[in-house]
**Student:** 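Supplied in structure tokens, the structure appears directly below.
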Amino acid sequence: MTIRFDNRVAIITGAGGGLGRSHALLLASRGAKVVVNDPGGSVDGKGGDSSAADKVVAEIKAAGGQAVASYDSVATWAGAQNIISTAVKSFGTVDILVNNAGILRDKSFIKMPIEDFELVMQVHFMGTVYCTKAAWPIMTEKKYGRIVLTSSGSGLNGNFGQSNYGAAKTAMAGFQNCLKHEGEKNNIKINIISPAADTRMTGGLMDDTALKYMKPEHVSTAVAWLSSEECNVSGQIIAAAAGFYAALRYYRTEGVSFNPSQPATLEEFASETGNLFDFNHLTEFNGVSKRVQEMLKAKGYT
Ligand code: NAI
């Protein structure tokens, strides 16, 4: 079975280089009509250059594909609305949205100007919210949509000097955990990619021996599958790098429980922290309310 995107319209934000360019080229090579969105600019979000998006559009066209450039920033509601209308005006609809745009403003938290925290949240997280919000009514009406959000190990796992970036990237998880429910009845599937690849954003950060394998194209394979009709999952997180793919999910420890009629003392609580943090026995986390109700019933409290 060949996976194709004929008659599908895809928007890739931040597609003027790096991972976004690679996603755009792959989708276009398999028949998608692609909006290549990128205002250009430096890794820290300064300046702008329409040639970034133009070059990728030219590459797609030279290979026989269909694409149009968009230079709007995802970081404003008006910009995001323009990106989605570019797809509608050029190709009639939107089926696929890959939220990929991003910048860095790394600094230890103590030295980070609050404006840098806000800007990174605005581009990564609010940019994702704005684009998704603008595309959502179209996907709802047509009862079809594939949305990919871009997270990062820097947030899911944490990294020194990236509290702004890590916060924005992990906010994607909460966003999709709720939207997967809201999109379910209309066949809108929303998933996260957590990539690692050699791009200008990671330039110089990776070990030279690994670098030659860290091609953005490896990540694009997973992104394209998540963007396809064949994608049968929603609310999942795929970590992807150098041909390795793994799915991530939340698990909780067995937990500890005290008499629910009165709060445990601090000392009683402290005496159980060994069990509380015993990660040798894990259960999938799907909220604690149900588990607590079962426990209360089992112990005869209800
Ligand atoms: P990149 O810097 O090559 O790509 C980011 C693109 O986003 C740039 O072309 C930039 O012009 C564009 N962009 C910046 N602000 C924008 C805005 N306001 N509106 C629209 N576009 C904007 O870097 P890379 O590595 O390709 O990053 C792509 C995504 O993957 C980012 O979200 C990044 O945080 C994420 N990521 C990358 C990792 C890696 O190993 N390369 C690791 C984890 C996450």
Side-chain angles (χ1 to χ4, degrees), residues 11-26 35-57 69-84 86 97-106 118-131 134 148-159 162 164-173 192-207 210-211 213-220 222-223 237-242 244 248:
I11 297 170
I12 322 288
T13 69
L19 286 157
R21 168 183 167 274
S22 169
H23 305 337
L25 292 177
L26 179 55
V35 175
V36 176
N37 161 258
D38 209 307
S42 56
V43 179
D44 61 359
K46 293 187 180 132
D49 179 7
S50 59
S51 70
D54 287 342
K55 276 186 197 155
V56 177
V57 169
S70 140
Y71 315 110
D72 288 290
S73 167
V74 298
T76 68
W77 174 226
Q81 286 176 295
N82 269 341
I83 296 168
I84 277 51
T86 300
L97 170 64
V98 180
N99 290 292
N100 165 79
I103 60 166
L104 289 180
R105 291 278 172 103
D106 294 355
E118 287 169 343
L119 182 65
V120 166
M121 288 295 290
Q122 194 66 21
V123 173
H124 285 275
F125 183 58
M126 288 313 296
T128 293
V129 173
Y130 293 147
C131 290
V148 180
L149 317 180
T150 306
S151 187
S152 168
S154 296
L156 297 170
N157 200 30
N159 196 18
Q162 292 197 307
N164 51 359
Y165 181 78
K169 289 310 210 183
T170 310
M172 307 292 176
I192 287 177
I193 188 79
S194 177
D198 178 24
T199 66
R200 69 174 192 170
M201 195 178 266
T202 45
L205 290 180
M206 285 178 196
D207 178 325
L211 215 55
Y213 300 110
M214 305 290 283
K215 303 285 180 216
E217 287 75 12
H218 290 299
V219 177
S220 300
V223 168
I237 304 174
I238 298 180
F244 172 78
L248 276 63

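Note: hydrogens, waters and symmetry copies are ignored here, and every other heavy atom, side chains too, is used. For ligands, and for the atoms within them, numbers begin at 1 and follow the listed sequence.
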**Student:** Provide the number and element of each atom of ligand 1 under 4.0 Å from a heavy atom of N100.
**Tutor:**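 Reading through ligand 1 atom by atom, the close ones are 28 (C), 29 (C), 30 (O), 31 (C), 32 (O).
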**Student:** Among all protein heavy atoms, pick the one closest to atom 43 (C) of ligand 1 and tell me residue, atom and distance.
**Tutor:** P195 O, 3.2 Å
**Student:** I need the atoms of ligand 1 closer than 4.0 Å to a non-hydrogen atom of G18, numbered in the order shown.
**Tutor:**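 Close to G18: 3 (O), 26 (O).
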**Student:** For A196, take its heavy atoms, then give the atoms of ligand 1 lying under 4.0 Å from any of them.
**Tutor:** 40 (O)
**Student:** Suppose we measure from atom 25 (O) of ligand 1 to each protein heavy atom; which comes out shortest, and what is that distance?
**Tutor:** T199 OG1, 2.5 Å
**Student:** One residue to check: L19. Relative to ligand 1, which of side chain, backbone, both or neither has a non-hydrogen atom less than 4.0 Å away?
**Tutor:** both
**Student:** Ignoring hydrogens, what is the shortest heavy-atom contact between A52 and G40? Give both atom names and the distance.
**Tutor:** CB-CA, 4.2 Å
**Student:** Do side-chain atoms of T13 reach the backbone of N100 as a donor and acceptor pair under 3.5 angstrom?
**Tutor:**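 The answer is yes, because a donor-acceptor pair under 3.5 Å joins these two groups.
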**Student:** For residues 46-56, pull every pair meeting salt bridge (charged side-chain N to carboxylate O under 4.0 Å, His left out), keeping only residues two or more places apart or in separate chains.
**Tutor:**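 Every salt bridge (charged side-chain N to carboxylate O under 4.0 Å, His left out) pair that includes a residue of residues 46-56, provided the two are not neighbours, is D44-K46.
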**Student:** Of R200, K169, M201, which has the heavy atom at the shortest distance from atom 10 (C) of ligand 1?
**Tutor:**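 Result: the heavy atom closest to atom 10 (C) of ligand 1 is in R200.
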**Student:** For T202, state whether at least one heavy atom is located under 4.0 Å from any atom of ligand 1.
**Tutor:** yes
**Student:** Does any part of the side chain of I83, heavy atoms only, come nearer than 4.5 Å to the side chain of V74, both counted from C-beta?
**Tutor:**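 Side chain of V74 against side chain of I83, heavy atoms only: contact under 4.5 Å found.
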**Student:** Tell me: protein heavy atom nearest atom 14 (C) of ligand 1, and distance?
**Tutor:**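 Answer, as residue, atom name and distance: G102 O, 3.4 Å.
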**Student:** For atom 20 (C) of ligand 1, state which one of A168, S73, P39, S70 supplies the nearest heavy atom.
**Tutor:** P39
**Student:** Is there a side-chain contact (heavy atoms from CB on, under 4.5 Å) between V35 and I12? Walk through the geometry before answering.
**Tutor:** CA-CA 6 Å; V35 175; I12 322 288; over 6 Å; no
**Student:** For T199, is there any backbone N or O sitting under 3.5 Å from a side-chain donor or acceptor partner on T202?
**Tutor:** yes
**Student:** Show, in sequence, the C-alpha distance, side-chain angles and deciding distance for K169 and L156, and conclude whether the side-chain contact (heavy atoms from CB on, under 4.5 Å) test is met.
**Tutor:** CA-CA 8 Å; K169 289 310 210 183; L156 297 170; over 6 Å; no
**Student:** For ligand 1, which atoms have a heavy atom of H124 less than 4.0 angstrom away?
**Tutor:** 32 (O), 34 (O)
**Student:** Tell me: protein heavy atom nearest atom 40 (O) of ligand 1, and distance?
**Tutor:** A197 N, 2.8 Å
**Student:** Please check this pair: side chain of T170 against backbone of G155, looking for a donor-acceptor N/O pair closer than 3.5 Å.
**Tutor:**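 Checking the backbone N and O of G155 against the side chain of T170, a donor-acceptor pair under 3.5 Å is found.
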**Student:** Under a 3.5 Å distance rule, please check whether S220 uses its side chain to pair with a backbone N or O of H23 as donor and acceptor.
**Tutor:**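 Checked: pair present.
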**Student:** Write down the atom of S73, the atom of P39, and the distance for their closest heavy-atom approach.
**Tutor:**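 Between these two residues, the closest heavy atoms are CA-CG, 4.2 Å.
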**Student:** Would you sort out whether R105 and L119 count as a side-chain contact (heavy atoms from CB on, under 4.5 Å), showing the intermediate values?
**Tutor:** CA-CA 8 Å; R105 291 278 172 103; L119 182 65; 3.4 Å; yes
**Student:** To the nearest 0.1 Å, how far is atom 22 (C) of ligand 1 from its closest protein heavy atom, and which atom is that?
**Tutor:**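 Result for atom 22 (C) of ligand 1: A101 CB, 3.5 Å.
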**Student:** Step by step, work out the side-chain contact (heavy atoms from CB on, under 4.5 Å) result for V223 and V98.
**Tutor:** CA-CA 8 Å; V223 168; V98 180; 4.0 Å; yes
**Student:** What closest approach, in Å, do Q81 and A134 show between heavy atoms, and which atom pair accounts for it?
**Tutor:** CA-CB, 4.2 Å
**Student:** Mind checking whether S151 contacts ligand 1 via backbone (N, CA, C, O), side chain (CB onward), both or neither, at a 4.0 Å heavy-atom cut-off?
**Tutor:** backbone
**Student:** Can you list the atoms of ligand 1 that are under 4.0 Å from a heavy atom of T150?
**Tutor:**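 It comes down to these atoms of ligand 1: 29 (C), 30 (O), 32 (O), 35 (C).
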**Student:** Give the residue and atom name of whichever protein heavy atom lies nearest to atom 6 (C) of ligand 1, and the separation in Å to one decimal.
**Tutor:**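 Its nearest protein heavy-atom neighbour is G14 O, 3.5 Å.
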**Student:** Is it the side chain (CB and beyond), the backbone, both or neither of D198 that lies under 4.0 Å from ligand 1, heavy atoms counted?
**Tutor:**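 Under 4.0 Å from ligand 1, D198 contributes no heavy atoms.
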**Student:** Could you list the atoms of ligand 1 found under 4.0 angstrom from a heavy atom of Y165?
**Tutor:**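 Every atom of ligand 1 under 4.0 Å from some heavy atom of Y165: 33 (C), 34 (O), 35 (C), 36 (N), 43 (C), 44 (C).
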**Student:** Please classify the V74 to ligand 1 contact at 4.0 Å (heavy-atom distances, strictly less than): side chain, backbone, both or neither.
**Tutor:**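 Answer for V74: both.
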**Student:** Answer side chain, backbone, both or neither: which part of M214 comes under 4.0 Å from ligand 1, heavy atoms only.
**Tutor:**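 The answer is neither; M214 stays 4.0 Å or more away.
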**Student:** Please work out, at 4.0 Å between heavy atoms, whether the side chain, the backbone, both, or neither of I103 comes within that distance of ligand 1.
**Tutor:**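 Side chain only; the backbone of I103 stays clear of ligand 1.
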**Student:** Please state whether G127 comes within less than 4.0 angstrom of ligand 1, counting heavy atoms only.
**Tutor:** no
**Student:** Taking the non-hydrogen atoms of T13, is any one of them nearer than 4.0 angstrom to ligand 1?
**Tutor:** no
**Student:** Could you list the residues that satisfy ring-ring contact (aromatic ring centres under 6.0 Å, His included) with Y130, not counting sequence neighbours?
**Tutor:**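 Listed in chain order: nothing, the list is empty.
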**Student:** Is it true that a side-chain atom of D38 and a backbone atom of G16 form a donor plus acceptor pair closer than 3.5 Å?
**Tutor:** yes
**Student:** Which heavy atom of the protein is the closest neighbour of atom 9 (O) of ligand 1, given with residue, atom name and distance?
**Tutor:**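 For this ligand atom, the closest protein heavy atom is D38 OD2, 2.6 Å.
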**Student:** By number and element, which atoms of ligand 1 are closer than 4.0 Å to a non-hydrogen atom of G40?
**Tutor:** 11 (O)
